[in-house]
Number of protein chains: 2
Amino acid sequence: MIPNRPFRPAPVTARDKLLEAAVKLVRSNGYSATSVDQLCGEAGVTKGAFFHHFPSKEALGVAAAEYWSASTSAFFAAAPYHHHADPVDRVLGYIDFRLALIGGPVEGFSCVAGTMVQEAFRSSAAIRVACEASIMGNAAALEADLAAAIAQRGVKGTSAASLARHVQTVIQGSFVLAKTQDGEMCAEIAREQLGHLRRYFSMLFNVDEDRILQ
Amino acid sequence: MIPNRPFRPAPVTARDKLLEAAVKLVRSNGYSATSVDQLCGEAGVTKGAFFHHFPSKEALGVAAAEYWSASTSAFFAAAPYHHHADPVDRVLGYIDFRLALIGGPVEGFSCVAGTMVQEAFRSSAAIRVACEASIMGNAAALEADLAAAIAQRGVKGTSAASLARHVQTVIQGSFVLAKTQDGEMCAEIAREQLGHLRRYFSMLFNVDEDRILQ
DNA sequence: GCAAACATACCAACTGGTCGGTATGCCGAC
DNA sequence: GTCGGCATACCGACCAGTTGGTATGTTTGC
């Protein structure tokens, strides 16, 4: 979900270093394929430290999703698109902000929660729920602006919550498509797909009321 | 991608049984978390048979993506939505067809290629390419109808290939969102999201030409 | 001095993969 | 027609390495 988070303070405790390692390794190798030893190696920490802070690998997965959730929501809360007066501008501003974050290798802008839930939704309910909270929490942050936009433009036949989920759907889907590609095409295809989301919303919020419903 | 494929003949050879097992297990547990022993157990086949037919687990992954690709494309080629005279009806018919396929647990309608590429895009180029072929092949099957619809309705600012990719994006993204849910909500959220895709296309192909571009 | 934060050594279970062997069916030669 | 030769399909014990997890220390801050 979030890409290159600049000015992130370097983690100090072993716990933080492990969470950072989890974000990095899960993004590029997935949850199952990432071993506890790899995590410890990446974090520069021993296995004893790992199991001191987390009772199991699954617990690290849950904590990583929550850590991810917290750092991304703080990142987006501080973004500039909130300042627009028009709610439609805030919504489109969010999409443009996401668009600007896409670049470089996929593991730099993909989503930890989306990656983990794909693998663990059946084997670990705890991880599934933590990833749900992360993704739906990110969606919920847009809901107020979407509700205002819907009210202002008189959009019928959907809801702010449903549209917020659609934003996440297109974002997550664009990451999957991006992962099928190589090199610069990864970012290019992800940007292209967010462009369709932008166009959908532009049409939805600008069109005459009687043309909205099919 | 494809869900409940009815009337599929029961696999006979060990190879076919292993491919069927791979589709089932990868869909519910992912690629990395599925072991060769599990695959053999599910297929009712020994390890000797596995490595007789596939040189490695990775090769099975590639073969599974190709097998998946072949069976889904045959399934969609035989679907009834192709018979509509209007290309826009064919495109919307495809979406409605996909909508009708969504139901039951996620692993019954999710996509093997999308699941695998999320895990293996960095560790296995062969699997990545096989999944790309599967997903983009599915997209390509819609391209002609989309091109005709674009031409007929005078849509500007995009291409048939890009819109075809968007269909896959929303489908793959809806599967990710569905996997965050439990029980019947899985199918419900996936259907809701395909509904947005349908609405986007409805607007795109019906609106006056001068209103299309923002 | 004492608890939290780590480190080291270790374990049973499992991992993908190998290897010698067998059962079966198809081939032309006689 | 039946026999030897040979390829394909499959079996299951086995291997070295790795897995998540534990048990027992040691260090450090207060």
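Note that the structure is predicted; figures quoted are calculated from it, not measured. Each chain gets a letter, A, B and so on, in the order the sequences are listed, and its residues count up from 1.
Side chain of B:His82 to backbone of B:Phe76: a donor-acceptor contact under 3.5 angstrom is found. A:Lys57 contributes a side-chain N or O that, together with a main-chain N or O of A:Thr34, makes up a donor-acceptor pair within less than 3.5 Å.
A:Arg90 meets the side-chain hydrogen bond (donor to acceptor under 3.5 Å, both in side chains) test with A:Asp145; sequence neighbours excluded.
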remark   = A correct 5'-to-3' footprint of nucleotides 10-23 of chain D, with B, S and - meaning base, sugar-phosphate only and no protein heavy atom under 4.0 Å, is BBB------SBBB-
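Just one residue in the list A:Arg199, A:Gln193, A:His196 forms a side-chain hydrogen bond (donor to acceptor under 3.5 Å, both in side chains) with B:His166, and that residue is A:Gln193.
In this structure, OG on B:Ser174 lies 11.0 Å from CZ on B:Arg191, to the nearest 0.5 angstrom.
Computed from coordinates, the B:Leu39 CG to C:dC14 P distance equals 16 Å when rounded to whole Å.
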